[in-house]
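One structure below.
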Amino acid sequence: MDTVLEIKDLTVSFDGFKAVNDVSTAVKKGDIHFFIGPNGAGKTTLLDAICGRVKPAAGSIFFKDCGDVTKLAEHEIVERGIGRKFQVPSVFNSITVFENMELAAEKKRTIFSTLFSKLSQEQMERIEYVLNIIGLYEKRFEKPAALSHGEKQWLEIGMLFVQQPEIMLLDEPVAGMGRKETDKTGELLKEIAKDCSVVVVEHDMDFVRDFASTVTVLHEGTLLVEGDMEEVQKDPRVIEVYLGRGGE
Amino acid sequence: METYVLQIFNGISVSSILMLAALGLAIIFGLMKIINMAHGELIMIGAYVTFVTQNIFMSYVDKDYFDIYFIFALLAAFVITAFVGYLLEITIIRHLYGRPLDSLLATWGVSLVLQQLARSIFGAPNVDVKSPTWLDGGILIWGDLQLPYKRLFIMLLVALCICGVYYFLYKTTTGRRIRAVMQNRTMAKSLGINTRKVDAMTFAIGSGLAGIAGCALTLLGSIGPTLGTNYIIDTFMVVVLGGVGTIIGTVAGAGIIGLGNTTFEFLTDASLGKVLVFSVVILFLQWKPQGFFTIKSRALDE
Amino acid sequence: MLEIVAKIKEYFLKRNAVISIIFVLLCLAPLFLSDFRINLLGKFVAFAILALGIDLIWGYTGILSLGHGVFFGLGAYCMAMYLKLESSAGKVPDFMSWSGLEVMPWFWKPFASAPFALTMAILIPVLLAMIIGYLTFKNRIRGVYFTILTQALSIIFVVLFIGQQAYTGGTNGITNFKTILGFSLSDPATKLSLYYIAVLLLLAAYVFCKLIIDRRIGRVLVAIRDGENRIRFSGYNPTVYKVFVYAISAGLAGLAGAVYVPQVGIISPAEMGIIPSIEMVSWVAIGGRGTLTGAIIGAVLVNSLKSVVSESFPDIWSYFIGITFIVIVIFMPSGLVGIYQQIKKVWRNSLLLKRKEAAMKH
Amino acid sequence: MLDVSGLDAYYGDSIILKNISLRIKQGQVVCLLGRNGVGKTTFLKSIMGLVKTPNGSIMLDGTEIIKMPSYNRALQGIGYVPQGRDIFPNLSVYENLLLGLERNKNNSTLDESIYELFPVLKTMLKRKGGDLSGGQQQQLAIARALVSIPKLLLLDEPTEGIQPSIIQEIAKVIKKLKSKGNITMLIVEQYLEFVLEVADYFYVMDKGCIVMEGNTKYVEPRQIQAKIAI
Amino acid sequence: MKIRFANKFKGIAGVVTIALVLSLLLAGCGTEKTGGSNEAKPAATDAGDTIKVGILHSLSGTMAISEVSVKDAEMMAIEEINASGGLLGKKIEPIIEDGASDWPKFAEKAKKLLQNDQVATVFGCWTSASRKAVLPVFEANNGLLWYPVQYEGMEASPNIFYTGAAPNQQIVPAVEWLLENKGKKFFLLGSDYVFPRTANKIIKAQLKAMGGELIAEEYTPLGHTDYSTIINKIKATKPDVVFNTLNGDSNVAFFKQLKDAGITSQDLTTLSVSVAEEEIRGIGAENMKGHLVSWNYYQTTDTPENKEFVKKYKEKYGADRVTDDPIEAAYIQVHLWAEAVKKAGSTDVDKVREAAKGLEYKAPEGLVKIEGENQHLWKPVRIGEVQEDGLIKEIWSTKEAVKPDPYLKSYAWAKDLSN
């Protein structure tokens with residue numbers, strides 16, 4: 001499989017505190033790649049660095065053939081094909097579900113096109129397709145305030161999906177979901193992974209076990225182990241710092 | 001030489017006045033996120049309280065003791081302005097938490113009303129407050145160089161107020177409560193803190209500091225219904241430049257604006273000086289949008 | 001044919017009933033009101049143009065600017081320069097010679113042309129807003145910080161305009177105009193034409209704003225208000241949009257200024273200050289932020305109220321204005337239009353309920 | 001000890017809890033289970049007085065507290081550890097602990113024994129609450145609730161987002177407290193293993209109602225699992 | 001069917017509501033409709049049993065500190081006239097408007113008074129800016145404004161009567177006197193607006209012609225509160241005289257801070273032209289003791305008319321109130337207008353203007369006369385020194401009233417100033 005995203009010697013620091021310290025890893029095409037680790041291990045910061053929300057102190061992130069993306073602004077990184085979902089569902093509450101999708105779907109994002117262009121038939125179809133997948137087609141004319149927590153999460157994932165990114169970064173997508181919703185989200189990820197790579201930060205070990213193709217364990221800003229779930233689970237260091245003595 | 005020394009002294013003096021005027025605002029804005037456009041009018045109330053105290057002393061107290069009125073006036077200005085602040089909080093400000101821009105608009109209405117109220121009670125013309133004789137004159141350093149007692153007194157008063165506020169906020173139980181409420185209202189409530197009381201008290205103390213500033217300003221300037229409007233923007237600039245929510249930021253902000261103002265004024269003229277200072281502030285904020293000192297946190301959210 | 005009529009009917013009577021009524025009333029107003037009142041109303045119409053701009057940036061995009069007085073003032077000054085030059089009939093304007101200026105400054109000269117002045121009245125505010133907006137928004141200065149920064153901006157301009165008396169007329173401002181395009185300003189026919197031009201420009205401004213908010217860009221603006229950081233991750237660069245909307249709103253303010261000056265006959269630096277800027281925002285707040293109709297109603301209503309109250313109670317009118325303002329901001333944050341919509345909602349719900357009950361009986 | 005009956009709770013205009021009744025005996029550790037969004041957190045908030053509760057009754061040790069403001073309920077002896085911990089980020093760890101003492105007005109000195117339960121806190125008293133890791137914050141939040149020895153301790157999802165090793169420690173603390181027997185606990189959880197390990201009694205909530213209750217010793221985990229999963 | 005009806009009903013209801021709001025609003029605007037004709041001649045309202053006059057001052061905003069007292073004086077004069085039987089057998093009915101320290105607001109209110117209320121005349125304004133703002137309104141509507149404050153000159157509108165001092169009745173004689181008695185080196189200090197800038201232009205020309213020396217010229221923004229830097233500059237340049245044209249609030253700060261810097265009237269001569277008894281109350285007499293001012297009238301001016309005037313004013317507004325030059329000018333301008341109306345037998349603007357020419361009046365400041373040529377007053381000039389009690393002692397005065405010369409045409413050195 002091809003590498004989509006390559007992180008090289010990445011360091012991010014806040015006032016001297018190194019939240020991510022010299023991390024190198026790579027995400028392969030079509031992978032569902034999980035980052036796990038104790039709180040404060042630097043998982044969220046790593047995602048932030050990839051999508052341009054924080055600027056790294058050192059190191060580089062190569063995406064496809066776009067070169068190093070660490071110098072780009074957030075929206076430029078999105079244009080290259082990296083999508084990001086945050087821990088707290090953040091959708092736009094004053095506009096309808098459909099309009100949320102519309103904003104994400106339209107590729108032309110200049111002032112001129114937002115003033116004059118309309119959605120193409122193809123885009124309409126794609127939005128409808130995604131709305132169906134995330135199960136919000138019926139509610140497309142409602143405002144997100146009327147959605148449940150889980151539905152908001154899906155809407156946000158849907159907004160990412162409709163952007164047709166090549167890599168999708170998800171921060172705790174199943175936090176606050178019940179088992180059933182979690183499973184549904186997992187299936188959704190699988191569907192998405194057909195077209196693009198998915199990077200997930202998650203605590204829910206069952207979820208990780210069920211859906212991960214690659215797992216990277218971070219600890220205090222550094223990369224501890226990387227591999228599939230089987231290997232990672234057996235690693236004594238991981239058991240020590242993360243899974244706890246009893247294991248799971 | 002003397003001129004330059006005196007000019008530096010003037011700069012520090014202007015800074016100290018700004019600090020005094022901005023301190024209460026820094027608390028209210030920094031802790032409560034209320035943009036209190038009526039802060040200037042609270043300063044005005046402090047000044048009028050001083051005026052009234054003086055008149056009471058003139059009428060009822062022996063001439064020999066007249067001079068101590070100012071000490072009473074300082075206390076009265078603090079207490080009465082704090083009380084007005086308390087009333088404002090329980091009637092108006094209470095409804096505005098979490099809506100900083102709305103608070104700006106509503107308190108602007110408050111300032112209109114307070115100005116008119118002052119006009120109705122004390123009349124439109126300026127009133128005179130006699131400064132106590134022990135503040136007349138100054139220390140003669142050498143030659144012509146005289147440092148006025150009043151300005152030295154204000155500097156001292158500012159130092160006291162800052163230390164007092166620092167001690168109060170960081171070393172007392174009440175201060176801890178205030179900081180807790182401002183950081184997380186719900187949690188503070190759940191721990192047994194009466195948040196309504198704390199809100200009202202915080203606002204009252206911020207207002208009381210404005211009262212002290214008003215009292216001190218009677219030593220230097222005019223006392224009229226529109227007194228506050230002369231200070232309000234400068235003080236906001238101080239708070240924003242220094243960084244919201246830190247006392248040290250207020251000190252730094254006032255220092256920069258005060259010294260900048262006097263220096264530019266000395267080099268050019270008063271109008272251009274003001275334009276230059278504000279331009280520098282705007283440019284500075286481009287570089288550091290959150291001001292000099294910011295409370296850093298790893299929470300990257302809004 | 002019938003279909004078109006029905007469509008027009010639908011458009012004006014149902015979907016845009018309120019705004020249609022407003023414009024019809026504005027057009028008919030000269031039949032009921034004295035010249036003086038029409039002149040006042042014309043001024044309020046100019047303010048309404050400005051309020052539309054403030055609503056775009058504040059109501060829709062969530063950016064509170066307290067420096068719109070500056071843009072309004074710049075527009076007004078451009079127009080005033082033209083009017084002054086026309087009144088001075090080629091000579092150096094009076095205030096310049098009082099200040100010891102013998103020759104007309106070079107930048108005054110082109111303002112002798114009305115089209116140039118009008119263009120500048122819009123262009124200068126737009127350019128200034130673009131420069132300031134680009135810097136501040138790019139550096140992600142937001143919320144309260146932006147608001148206070150714009151206050152500093154207005155102070156700078158006020159002090160600058162007062163200080164440059166020879167070029168700007170100082171505190172006095174520019175006044176004493178005689179004619180516009182050769183028509184006497186004191187002629188009632190001219191005044192009435194100015195009024196109708198103002199109403200027409202308001203209509204144009206309304207349609208323009210409506211076009212913006214009904215397009216996808218309108219949704220982008222609202223999305224910026226709801227979550228600026230989030231919109232970045234949908235691939236939009238909020239800086240560009242904020243600069244755009246700031247510039248549009250500044251341009252509308254400039255246009256308002258240009259409409260204001262010939263009707264009022266004076267512009268002074270005080271109108272660029274913070275207090276007028278706060279008042280401008282208050283119109284939108286009271287009318288109802290986030291609805292264009294609200295901005296227009298707010299601007300006209302608040303100013304009418306102010307005029308009437310200050311005429312009836314010249315000594316204590318600021319109590320009324322202050323208290324009204326406090327009450328509206330605290331208890332009716334969505335303004336008059338919000339109240340109207342709420343009443344409508346309650347009404348609709350009760351109707352629905354009745355219908356349900358009726359259905360139950362069947 | 002705690003006797004809730006006929007409680008309704010609203011969030012804004014929407015009703016979240018309908019006619020809830022629940023009792024906890026002195027010294028008991030009771031767990032409230034349920035899927036997300038069924039109203040467990042709202043239930044704790046309504047005991048704390050943080051949401052609207054127009055109907056029903058909440059008796060604490062024989063006192064009706066439903067009309068009291070939140071802070072007064074805290075003063076009655078309720079300790080609360082909310083979801084997301086809610087540590088004061090800009091206050092030091094020590095100050096955070098001191099704020100736990102707000103509930104007993106006369107006692108202004110910190111009982112050192114709290115460090116025995118959470119030794120990690122003693123080493124970071126001067127650090128800002130916001131600088132701690134999630135697990136440390138959770139421990140601090142529990143410690144803060146415990147310093148004034150509450151009659152009733154409310155824990156909202158103490159394991160959420162916490163690494164397994166710290167979950168183990170928290171479980172240990174709860175068991176230790178339980179063995180002393182002078183504290184009553186109500187824990188909201190989704191993590192079934194944890195619940196079965198620490199609780200005496202459980203309630204399962206769904207869509208704003210209690211749908212199941214029982215003793216943890218005599219219940220088949222699968223039965224609960226079924227209720228939660230559907 | 002039902003639904004359709006409900007929808008329609010709802011739409012109508014909305015329309016009706018909005019229409020109601022708007023018509024209320026328009027009704028509010030249109031309190032009076034003046035027959036739709038714009039040729040409505042102001043001052044032509046001899047019908048009815050009252051004569052309406054307008055009073056237009058800032059009752060709110062920064063200028064209220066000065067203008068409220070002036071309004072009081074005008075009201076007192078109107079009451080006097082009404083008490084003594086009114087004018088042409090009618091009572092005078094004052095209509096008060098608030099200019100709110102905002103120049104366009106002044107213009108708006110002037111229009112309202114002239115067009116809507118059709119007042120016979122208006123007494124009003126304080127700042128030059130407000131006068132300049134209303135001037136085109138008065139000219140376009142052929143109204144009449146009486147303006148009670150000393151100003152910078154260079155103006156003589158046929159629609160304005162200027163009852164305060166022209167520059168040659170205050171500034172020019174003061175500079176002359178200072179050059180003779182106090183020294184040659186002048187430091188000009190003023191607020192940053194039209195009056196000080198124009199006044200200083202005059203002074204500079206005069207100094208040049210009369211052998212004086214300009215040390216520095218400083219302007220501070222209105223509402224400036226810290227004068228330590230300016231005082232430092234004064235200290236550094238050591239002038240003989242500080243000629244002070246600061247306005248309002250700034251004077252308080254300047255004199256308080258001057259005293260604190262250890263500079264008394266013994267060390268430095270200052271002469272102020274915008275500080276009168278009323279302002280001294282706000283500054284504090286102890287801060288201004290010994291400093292000089294130049295006016296046409298003081299509360300202490302020794303004429304029988306003044307004793308009477310001061311007594312009445314204090315009786316009416318309180319013993320703690322003081323009278324001063326603008327208050328006196330405001331008071332006499334009402335009487336001057338009344339005299340002119342009596343003489344003309346009508347309130348018609350043109351007739352009153354004609355009748356006012358050469359009109360003499362025994363004012364508290366002495367005998368004044370309206371100069372027909374430029375509608376200013378002949379006034380005596382007085383230089384005074386501030387006393388401990390806050391009143392002003394006259395230390396020099398012109399023998400007789402000085403002829404007003406707003407364009408300074410009679411001074412050779414001033415010929416470049418006006419055009």
Side-chain angles (χ1 to χ4, degrees), chain B residues 2-7 9-11 13-14 17-18 112 115-116 119 123-131 133 135-138 140 144-151 217-227 229-231 234 258 261-267 269-275, chain E residues 57-69 71-72 101 191-192 216-233 235-238 248-254 256-257 259-263 278-287 317-318 320-322 390:
Chain B
E2 276 164 32
T3 311
Y4 296 110
V5 174
L6 190 56
Q7 202 48 39
F9 175 79
N10 287 340
S13 164
V14 172
I17 293 161
L18 283 175
L112 274 186
Q115 268 184 36
Q116 190 60 43
R119 219 171 268 131
N126 286 335
V127 295
D128 170 37
V129 170
K130 285 186 182 53
S131 44
T133 48
L135 285 177
D136 283 345
L140 213 58
D144 256 358
L145 187 64
Q146 178 178 327
L147 306 184
Y149 286 132
K150 281 180 193 163
R151 287 179 182 263
L217 284 173
T218 61
L219 296 175
L220 298 176
S222 59
I223 303 115
T226 51
L227 159 70
T229 48
N230 295 335
Y231 291 93
D234 290 39
N261 223 331
T262 44
T263 310
F264 285 132
E265 186 181 333
F266 188 74
L267 298 176
D269 60 57
S271 298
L272 208 54
K274 205 166 176 119
V275 170
Chain E
H57 288 291
S58 298
L59 307 179
S60 60
T62 46
M63 288 317 297
I65 51 167
S66 301
E67 290 191 63
V68 169
S69 300
K71 179 207 80 175
D72 289 345
S101 312
S191 293
D192 198 352
E217 191 180 352
E218 286 282 343
Y219 298 97
T220 59
L222 289 164
H224 194 62
T225 51
D226 197 284
Y227 281 86
S228 51
T229 301
I230 298 272
I231 291 167
N232 199 7
K233 284 185 185 176
K235 266 184 157 177
T237 51
K238 296 192 174 54
D249 281 358
S250 296
N251 279 307
V252 185
F254 174 65
K256 277 189 178 177
Q257 293 167 22
K259 190 182 169 217
D260 291 338
I263 302 173
E278 176 103 9
E279 283 74 30
I280 296 172
R281 281 206 310 166
I283 298 168
E286 75 278 10
N287 297 315
Y317 296 112
D320 60 326
R321 293 280 287 265
V322 289

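Predicted, not measured: the structure shown is a model, and the values here were computed from it. In what follows, chains are A, B, ... by sequence order, proteins preceding strands, each numbered from 1.
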E/Ala64 to B/Ala124 - nearest heavy-atom pair and separation
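Scanning both residues, the minimum pair turns out to be O-CB, 3.3 Å.
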Quiz prompt | Nearest non-hydrogen partners of E/Ala236 and B/Thr3, listed with the distance | solution =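 Smallest interatomic distance, heavy atoms only, reads CB-OG1, 3.9 Å.
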**Message:** Heavy-atom pairs under 4.5 Å with chain E: which of B/Gly11, B/Pro225, B/Ser271 has the most?
**Reply:**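 Answer, by heavy-atom pair count under 4.5 Å with chain E: B/Ser271.
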Heavy-atom pairs under 4.5 Å with chain E are the metric here; pick the option from B/Glu265, B/Lys150, B/Lys130, B/Gln116 that has the most.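 Top option by heavy-atom pairs under 4.5 Å: B/Glu265.
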Indicate yes or no for a side-chain donor-acceptor contact from [X] to the backbone of [Y] under 3.5 Å, with no hydrogens or angles considered.
{"X": "B/Asp269", "Y": "E/Glu218", "answer": "no"}
{"X": "E/Lys256", "Y": "B/Thr218", "answer": "yes"}
{"X": "B/Gln115", "Y": "E/Gly61", "answer": "no"}

Between [X] and chain E, which part of the residue has a heavy atom less than 4.5 Å away: side chain, backbone, both or neither?
{"X": "B/Leu227", "result": "neither"}
{"X": "B/Glu2", "result": "neither"}
{"X": "B/Phe9", "result": "neither"}

Pairs meeting criterion salt bridge (charged side-chain N to carboxylate O under 4.0 Å, His left out) with involvement of residues 220-229 of chain E, two or more places apart: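 Qualifying pairs: B/Arg151-E/Asp226.
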Among the options [options], pick out the one with the most heavy-atom pairs lying under 4.5 Å from chain B.
{"options": "E/Lys235, E/Lys233, E/Glu67", "value": "E/Lys233"}
{"options": "E/Asp249, E/Thr220, E/Val68", "value": "E/Asp249"}
{"options": "E/Ala285, E/Gly390, E/Ala253, E/Pro221", "value": "E/Pro221"}

Query raised in the report: Roughly how far, to the nearest 0.5 Å, is OG1 of E/Thr62 from CG of B/Asn230?
Result: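 Interatomic distance, B/Asn230 CG to E/Thr62 OG1, rounded to 0.5 Å: 8.5 Å.
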task = With rounding to the nearest 0.5 Å, note down the distance linking CD in E/Gln257 to CG in B/Asn10.
result =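 Here the rounded value is 9.0 Å.
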Contacting moiety of E/Leu59, where chain B heavy atoms sit under 4.5 Å
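It is the backbone, since no side chain atom gets that close.
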Legend entry - Part of E/Ser60 within contact of chain B (heavy atom distance under 4.5 Å):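 When you check distances to chain B, atoms from both the backbone and side chain of E/Ser60 fall under 4.5 Å.
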- Side chain to side chain, E/Ser228 and B/Ser13, heavy atoms closer than 4.5 Å: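 Not in contact.
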Exercise. Is any side-chain heavy atom of E/Glu286 less than 4.5 Å from a side-chain heavy atom of B/Asp128?
Worked result: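 In short, these two side chains touch, coming nearer than 4.5 Å.
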#### Entry: Residue pair E/Arg281, B/Asn126: steps toward the side-chain contact (heavy atoms from CB on, under 4.5 Å) verdict
CA-CA 7 Å; E/Arg281 281 206 310 166; B/Asn126 286 335; over 6 Å; no
Q. Going through the checks in order, is the side-chain contact (heavy atoms from CB on, under 4.5 Å) test met by E/Asp260 and B/Leu220?
A. CA-CA 9 Å; E/Asp260 291 338; B/Leu220 298 176; 4.1 Å; yes
For E/Asp72, what residues pass the salt bridge (Lys or Arg N to Asp or Glu O under 4.0 Å) criterion, not counting sequence neighbours?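 Counting only residues at least two positions away or on another chain, E/Asp72 forms a salt bridge (Lys or Arg N to Asp or Glu O under 4.0 Å) with E/Arg321.
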